[in-house]
Amino acid sequence: MKEAFAAWLTAEVGQPVTIGWIERASYGFSRENWLFDATWAGQTHALIARRDPPGSVLRTDRRIETAVLDALERSAVPVPTLRWVDLTGRWAARPCLVMDRVQGTCQPLVLNSDRSLAQRVAVAERIYDQLAAIHGLDWRALGLGDRLEIPSGDAPGRALEHWTTELRAVQREPEPELALVRRWLGDHLPRSTTTTLVHGDFKPGNVLLDADDRVTAVLDWETAHLGDPHEDLGWVTNPLRAGEHRIAGSWEPADLVHRWATTTGIAVDHDALRWWQILANYKLAVIVLTGVGAFHDGLLERIHQQPVGIYRLLMTQLIAAEK
Amino acid sequence: MIEDELTTQLDGLARVLHDVVLHHVDSAYARDVLSGAIATIRTLAAAATELDAFLDADLVATAEALALVGATVADDDPSVSPGERLAKRRAALEAAIDTATLTPASIAALGSIFQGRAARYPFRTRPTKG
């Protein structure tokens with residue numbers, strides 16, 4: 001990759017660029033993350049390239065991601081500065097974005113780390129205040145209304161349709177469990193009254209923290225879209241991801257939702273939230289099945305297996321919802 | 001039994017990859033991929049002895065689920081393998097759920113059958129052994 005990045009960046013900056021240290025990061029299931037240092041005009045720049053892999057757990061559009069990153073640079077939500085985009089794969093064989101590497105560390109399990117309880121709760125508040133900030137953005141003023149699809153009140157129906165279309169594209173064998181979930185979701189579509197920017201995969205692992213535990217960047221905007229903010233709330237309160245999002249007894253979903261509602265001023269519809277929590281696991285199952293298919297096709301190096309654990313939880317959620 | 005031999009060989013393969021190879025891999029990405037491969041080999045080792053019993057139980061459970069949504073499948077041809085019969089039943093179940101009249105009771109009953117299947121599924125994730 002050194003030669004490819006050197007040639008690309010040389011063309012972009014108009015003078016010779018040399019690539020020093022480079023390493024493929026172990027994190028990131030949907031994109032290849034290449035960390036590297038590039039030098040031109042006597043100055044070294046810390047950069048990260050996010051390149052499409054041959055196969056992934058997600059099929060997303062780089063144009064959407066770049067539109068969101070571009071818009072958010074003009075907002076209070078901290079994001080990495082987008083330097084260059086190769087949508088065709090001309091330089092790196094596959095579509096690729098190059099961004100500044102932001103100071104800070106990615107700590108997916110920070111809320112259950114060895115920090116004190118008070119420190120962990122403070123970190124949780126800082127992290128999820130960023131989610132509230134995303135939902136509080138004036139997306140029309142940022143120009144996102146011209147670049148992203150506006151769901152116009154039917155965000156739940158569109159989300160269900162989107163993930164069902166993805167399922168149809170990757171499904172290798174019958175999945176009656178997901179047929180049952182799809183029926184339930186379709187029969188209980190909530191009404192959406194608020195449209196915001198939705199991150200789509202908000203979690204501590206998609207946030208960088210500095211040495212003082214301040215958020216320096218919110219990462220991974222490839223599934224961002226305009227939709228119902230309950231979608232992100234359902235994602236972060238999903239019981240399957242409790243190890244990432246909760247501090248037992250001190251930062252429970254109710255605490256998160258209460259702080260989010262107070263900060264955003266948006267009323268929480270608890271029936272809708274339950275619907276989005278079930279949609280979150282439907283989506284996760286489809287993502288895993290996408291990984292299963294890509295691995296079977298020899299396009300993905302990380303092994304994925306049938307998401308039976310997710311099916312088990314989905315059934316618990318459906319049975320509880322019907323009581 | 002041949003299943004025991006398969007389990008023993010796969011467990012041994014996972015052990016040598018973990019004990020001999022893993023700590024020599026410098027790339028974080030390659031180490032992560034290898035760790036995933038070792039975990040999968042262990043899953044396959046455990047599944048090898050459970051597969052036949054799982055197929056038998058799942059044929060019965062899927063027939064019960066089909067009855068709940070008013071569907072049946074004629075699949076008693078002895079030349080068809082249990083795996084193929086199961087795939088046919090699950091395809092019929094998926095199609096039937098899409099159009100069946102579902103009640104809270106039938107959703108609960110189907111959910112319970114699917115939970116039982118997930119618990120028996122031979123390739124399920126299991127606690128790791130280091």
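Protein chains get the first letters and strands the later ones, always in sequence-line order, with residue 1 at the start of each. Small disclaimer: the values here were computed from a predicted structure and weren't measured.
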Note to self: Looking only at heavy atoms and a cut-off of under 4.5 Å, which of A/Glu23, A/Gln306, A/Lys323, A/Glu322 has the most pairs with chain B?
What the structure shows: A/Glu322

Checklist line | Region of B/Thr40 in contact with chain A, defined by heavy-atom distances below 4.5 Å | finding: both

Note to self: As an exercise: rank B/Ala96, B/Gly116, B/Pro104, B/Ala95 by heavy-atom pairs under 4.5 Å with chain A and give me the winner.
What the structure shows: B/Pro104

Check: Say you draw a straight line from CZ of A/Arg302 to OH of B/Tyr29; how long is it, rounded to the nearest 0.5 Å?
Finding: 5.5 Å

Margin query: Donor-acceptor check, side chain of A/Arg183 to backbone of B/Ala100, threshold 3.5 angstrom: yes or no?
Written below: yes

Checklist line | Point-to-point distance, once rounded to the nearest 0.5 Å, from CG of B/Leu86 to CD of A/Glu173 | finding: 9.0 Å

Check: Where is the tightest heavy-atom contact between B/Arg90 and A/Pro174, given as atom of each residue plus distance?
Finding: NH2-O, 3.3 Å

Check: What part of A/Gln171 lies closer than 4.5 angstrom to a heavy atom of chain B: side chain, backbone, both or neither?
Finding: side chain

Next item on the list: Identify the heavy atoms of B/Asp98 and A/Ala179 that sit nearest to each other, and give their distance.
Entry: OD1-CB, 4.2 Å

Next item on the list: Please flag which part of B/Ser106 lies under 4.5 Å from any non-hydrogen atom of chain A: side chain, backbone, both or neither.
Entry: neither

Margin query: As an exercise, state the distance from CD1 of A/Ile303 to OG of B/Ser35, rounded to the nearest 0.5 Å.
Written below: 10.5 Å

Notebook entry, point to check: With chain B, which of A/Glu177, A/Glu301, A/Arg182, A/Met315 has the greatest number of heavy-atom pairs at distances under 4.5 Å?
Noted result: A/Glu177

Notebook entry, point to check: Side chain, backbone, both or neither: which part of B/Arg31 has a non-hydrogen atom closer than 4.5 Å to chain A?
Noted result: neither

Next item on the list: Side-chain contact test, heavy atoms from C-beta onward, threshold under 4.5 Å: evaluate it for A/Tyr311 versus B/Arg117 and give yes or no.
Entry: no

Item checked: Top contributor to chain A interface from B/Leu110, B/Leu102, B/Val33, B/Thr103 [non-hydrogen pairs under 4.5 Å] -> B/Leu102

Notebook entry, point to check: Between A/Asp187, A/Val308, A/Val181, which residue shows the highest count of heavy-atom pairs closer than 4.5 Å to chain B?
Noted result: A/Val308

Next item on the list: Measure A/Gln305 against the heavy atoms of chain B and call it side chain, backbone, both or neither at under 4.5 Å.
Entry: side chain

Note to self: So for B/Ala91, is it side chain, backbone, both, or neither that comes closer than 4.5 Å to the heavy atoms of chain A?
What the structure shows: both

Check: Given a strict heavy-atom distance threshold of 4.5 Å, which part of B/Ala119 is in contact with chain A: side chain, backbone, both, or neither?
Finding: both

Notebook entry, point to check: Where on A/Arg312 is there a heavy atom nearer than 4.5 Å to chain B: the side chain, the backbone, both, or neither?
Noted result: both

Next item on the list: Please name the pair of heavy atoms, one in B/Ser112 and one in A/Ile319, separated by the smallest distance, quoted to 0.1 Å.
Entry: N-CD1, 4.0 Å

Item checked: A/Arg191 atom CZ, over 12 foreign heavy atoms within 6.0 Å -> no

Item checked: Atom group of B/Tyr121 that falls short of 4.5 Å from chain A, counting heavy atoms -> side chain

